[in-house]
Amino acid sequence: MHRSVLPKQQLMAGIYTWRRVAMHWSLRPSQIRIFPKGIAKGTNLALDVYVDVKQLVLYPNHDGNNQQFYWLANDLDILTRNASTTITYPLARTNTAAYQLDAVRDRVARIQPPYSVPVTAVRNPEVFPGVVGELTRVTQSFSFNRTFRNHDYLRMSVPPQNWMSTGLYAAPGETITVTVTGATTADMADVYVQLGVHTDVLYPDSGNVMLDGVFRRNPDITMTIKLEPGVNQVRTPYGGPIVLRSDRSYNKILTISIANAVQAPYFVRGVTTEAEWLTRRSLDVPLAEIESNGLVIHAPSSEIRTRTYAEMVEMVTHYDAVVTKINELAGLSPTAALPHTAPQGKQRIAEDIQIGGGWGHSGFPVMVYTEWSLLDPADVSRRADGWGVWHEIGHNYQMGAWADVMGGEVSVNWWSLYVEESLHGTSRLMLDDVYKRAQTRLNNSAITNKWQDADPFDQLTLFEQLRIAHPKLNWGMYTQMMRHYREISTSAYNALDTDAKKQTIL
């Protein structure tokens, strides 16, 4: 439906903020406009963001995030009235008044320079991810290639995105200057700087918040800010790794300089030298980042403070072997022709003190709890906790045409079993006596439907037995299946829109 842009005489200058969408779209103060209160009253129209021309417009109400605007004046009134109210974490999920007040403080604290955030809205980053020590602020330049492959051909659940790590960290509340040179407005469409990587936004009804009964950290701690040609001043009240991201492919290599940031503990396979690592591992920054050829991990710096260079090399080598094996089972390779070319970009995992649901979940990034300790080299040789990594990345590789109909939490573990067998020569099904448990279930005459309500690991034994029963195919059984689903036409793939059709083709 066509958007209706109001004439200039119906606009008034002002500053606005809005929930969540502020992370994805921003204007400089000279570009900010807002409608007078009540202008859409009595209609079915709501304020909407018209990104192409940087205007607010009236548009049919759809209650999307980009229509959930707030008046800054109202927020400032609330801050003034509650200036002496202290909110501490963990915060009880039932403390509605504190939650709503903290949301107001968060909205105001997110407004970008040159706005001066009032003291009553300043956040406390000590909760998570933490504060930055007395470190020298640095300036560093980057070449950011916006050309990025369209991954639709993979038909995978969550392909990698075009995020570029910088190894820099934004100190909480400090203004970072991001300068883009030699670029036009068109060159910068859908280009952002992201401050922070912990992308789970927590709500009172989030699974783990309900389970814990509390918010263990501020509900929303990552910001994504649109970049324009020239000088961009940005900040985050929480601090976090600085990431450059492009949300669509464009034939342009951008030259971007970042100033007033700090260096973080950062290790890149094949790039970081031993001398550099021994210096960077002790930097007083709360989060560390390691980058292999296929995987980036963000975790508390406490996990790497004493890690030797040899341990770091072993760690990134291990994670690259994991990603290689995951691609291998899927029938993907960097050198293969389309549609079997491995995805461009790298998987990401971020450790957090509280995530939306589960002990970990798939996505970009994969989100897990800090207790996973992914940068602990003591586990690298065996990597007992690696099952979770293999499992969540496996979810990213699943295809809708077959994954759920065989059990989403069952078929995903093909990758876990394959990596475990390939790299460690073991099988969790054997180690945990799953075969014995499944056999007991089969022999129980009281259970008439052996599959329904069975544990996903019990169900996994069926697929493992099918593989073992066909030694010539072996793991190639699943590889050939995934290659087949990439090779069929788009129309044939999209036609698999019911469980019955998916079961028939299988």
What closest approach, in Å, do [X] and [Y] show between heavy atoms, and which atom pair accounts for it?
X      : Y      : answer
Val127 : Arg217 : CG1-CA, 3.6 Å
Val366 : Glu392 : CG1-CB, 3.6 Å
Thr341 : Pro334 : CG2-O, 3.9 Å
Thr222 : Thr199 : OG1-N, 4.0 Å
Asn162 : Asn145 : ND2-O, 3.2 Å
Pro286 : Val131 : CD-O, 3.3 Å

Interatomic distance, [X] atom [atom1] to [Y] atom [atom2] [nearest 0.5 angstrom]:
X      : Y      : atom1 : atom2 : answer
Leu154 : Asn396 : CG    : CG    : 12.0 Å
Leu211 : Ser206 : CG    : OG    : 11.5 Å
Asn260 : Ile176 : CG    : CD1   : 5.0 Å
Tyr369 : Ile353 : OH    : CD1   : 9.0 Å
Tyr319 : Ile297 : OH    : CD1   : 4.0 Å
Arg235 : Tyr115 : CZ    : OH    : 9.0 Å

With heavy-atom distances below 4.5 Å as the criterion, would you say the side chains of [X] and [Y] are in contact?
X      : Y      : value
Pro172 : Arg123 : no
Pro159 : Gln344 : no
Tyr89  : Phe128 : no
Arg105 : Ile87  : yes
Leu295 : Lys346 : no
Leu375 : Ile290 : yes
Asn208 : Asp200 : no
Ser292 : Val323 : no

Donor-acceptor check, side chain of [X] to backbone of [Y], threshold 3.5 angstrom: yes or no?
X      : Y      : result
Arg281 : Arg307 : yes
Asn413 : Glu409 : yes
His391 : Val412 : no
Gln398 : Gly408 : yes
Trp372 : Trp359 : yes
Asp190 : Asp247 : no
Asn232 : Val178 : yes
Ser301 : Val285 : yes
Gln194 : Gly196 : yes
Gln354 : Arg216 : yes

Could you tell me whether Glu126 atom CD has more than 12 heavy atoms of other residues or ligands within 6.0 Å of it?
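No, CD of Glu126 has 12 or fewer neighbouring heavy atoms, counting only those of other groups under 6.0 Å.
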
Quick check: are there more than 12 heavy atoms from other residues, nucleotides or ligands sitting under 6.0 Å from CG of Asp205?
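More than 12 within 6.0 Å, yes.
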
Decide, yes or no, whether a salt bridge links Glu289 with Arg348 under the criterion of side-chain N to carboxylate O below 4.0 Å.
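Result for this pair is yes, salt bridge flagged.
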
Do Asp77 and Arg81 sit within salt-bridge range, that is, some charged N less than 4.0 Å from a carboxylate O?
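So Asp77 does not pair with Arg81 through a salt bridge.
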
Any cation-pi pair here, Arg245 with Tyr192, using under 6.0 Å and within 45°?
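Yes, Arg245 lies over the aromatic ring of Tyr192.
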
Using the side-chain contact (heavy atoms from CB on, under 4.5 Å) rule, take Ile326 and Val419 through it: C-alpha gap first, then chi angles, then the decisive distance, then the call.
CA-CA 7 Å; Ile326 288 173; Val419 173; 4.0 Å; yes

Start with the C-alpha gap between Gln347 and Val296, add the side-chain angles, then the distance that decides, and say whether side-chain contact (heavy atoms from CB on, under 4.5 Å) holds.
CA-CA 6 Å; Gln347 295 288 328; Val296 180; over 6 Å; no

Quick one, Val262 with Glu174, criterion side-chain contact (heavy atoms from CB on, under 4.5 Å). Give me CA distance, side-chain angles, the key distance, then yes/no.
CA-CA 11 Å; Val262 297; Glu174 292 190 10; 5.9 Å; no

Can you confirm whether the side chains of Asp187 and Thr184 place a donor and an acceptor under 3.5 Å from each other?
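Yes, a side-chain donor-acceptor pair sits under 3.5 Å.
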
For Arg93 and Asp212, run salt bridge (Lys or Arg N to Asp or Glu O under 4.0 Å): C-alpha distance rounded to whole Å, both residues' side-chain angles, the deciding distance at 0.1 Å, then the answer.
CA-CA 9 Å; Arg93 64 174 291 270; Asp212 297 342; over 6 Å; no

Taking the six-membered ring for Trp, are His198 and Tyr238 closer than 6.0 Å centroid to centroid?
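No, they do not, as the ring centres are separated by 6.0 Å or more.
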
Can the ring centres of Phe267 and Trp277 be said to be less than 6.0 Å apart?
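Yes, they do, as the ring centres are separated by less than 6.0 Å.
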
Determine, step by step, whether Tyr266 and Glu291 satisfy the side-chain hydrogen bond (donor to acceptor under 3.5 Å, both in side chains) criterion, reporting the C-alpha distance in whole Å, the side-chain angles of both residues, the deciding distance to 0.1 Å, and the verdict.
CA-CA 8 Å; Tyr266 181 47; Glu291 184 172 353; 2.6 Å; yes

side-chain contact (heavy atoms from CB on, under 4.5 Å), that's the test. Do Val117 and Ile111 meet it? Break it down for me.
CA-CA 7 Å; Val117 177; Ile111 301 176; 5.6 Å; no

